[in-house]
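Counting from 1, the numbers follow the sequence of the chain as shown. Any value given below was found using the heavy atoms of this structure, including those in side chains, with hydrogens, waters and symmetry copies removed.
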Amino acid sequence: IDCGACGIVCPVSCISNQFGKAYAFLKPKDRPKATVNEGACTGCQYCTDICPFNCLEIRFEPGNGFANATANNAHPNKCVACKLCVLVCPREAIVVVSEGGREVA
């Protein structure tokens, strides 16, 4: 899928992108993570179905007589920033952000 996730987890930086530049290894705490805007999420479960690492979960909460379902990054340390969840989200409710809160393109 050409997401670069394998490159940032490689401890010897031997994986290159399509331009021949090696990815920089990032420690787990420094790796970008998926973040869900729960106000925009409808709980469709597309993100949880596609996530290869089971990082996202749907949380059901009762409210106003309806069951509100939203995704949340329940296991952020498993996230490798592959952005598959971002690609399938019909509401654009998921972004991948770096440790400083900057969105990763």
Strictly distance-based, threshold 3.5 Å: is any side-chain N or O of N73 a donor or acceptor partner for the main-chain N or O of A34? yes
Is V86 reachable from V36 through a run of hydrophobic residues whose side-chain heavy atoms are each under 4.5 Å from the next? yes
Can you measure from CD (E38) to CD1 (I94) and round to the nearest 0.5 angstrom? 10.5 Å
Can you tell me how far apart SG (C55) and NZ (K78) are? Round to the nearest 0.5 Å. 7.0 Å
Chi angles and distances behind the side-chain contact (heavy atoms from CB on, under 4.5 Å) call for N72, E57: CA-CA 6 Å; N72 70 333; E57 289 182 353; 4.0 Å; yes
Looking at T42 and R91, what are the two nearest heavy atoms and their distance? CG2-NH1, 3.1 Å
Taking the side chain as everything from C-beta on, heavy atoms only, tell me whether L56 gets closer than 4.5 Å to C85. yes
Taking atom CG of N17 and atom OH of Y23, what is their separation to the nearest 0.5 Å? 5.0 Å
Hey, is the main chain of L26 close enough, under 3.5 Å, to the side chain of R31 for a donor-acceptor pair? yes
For a 4.5 angstrom cut-off between non-hydrogen side-chain atoms, does P52 reach C82? yes
Kindly work out whether a path of hydrophobic side-chain contacts (I/L/V/M/F/W/Y, heavy atoms less than 4.5 Å apart) joins Y46 to L87. yes
ILVMFWY cluster, L84 and V80 together (side-chain gap under 4.5 Å): no
Nearest 0.5 Å, please: how far is SG in C41 from CZ in R59? 9.5 Å
Starting at OG of S13, measure out to NZ of K21 and round the result to the nearest 0.5 Å. 11.0 Å
Please determine whether side-chain contact (heavy atoms from CB on, under 4.5 Å) holds for the pair V12 and C10, giving the CA-CA distance in whole Å, both sets of side-chain angles, and the decisive distance to 0.1 Å. CA-CA 6 Å; V12 293; C10 179; 3.7 Å; yes
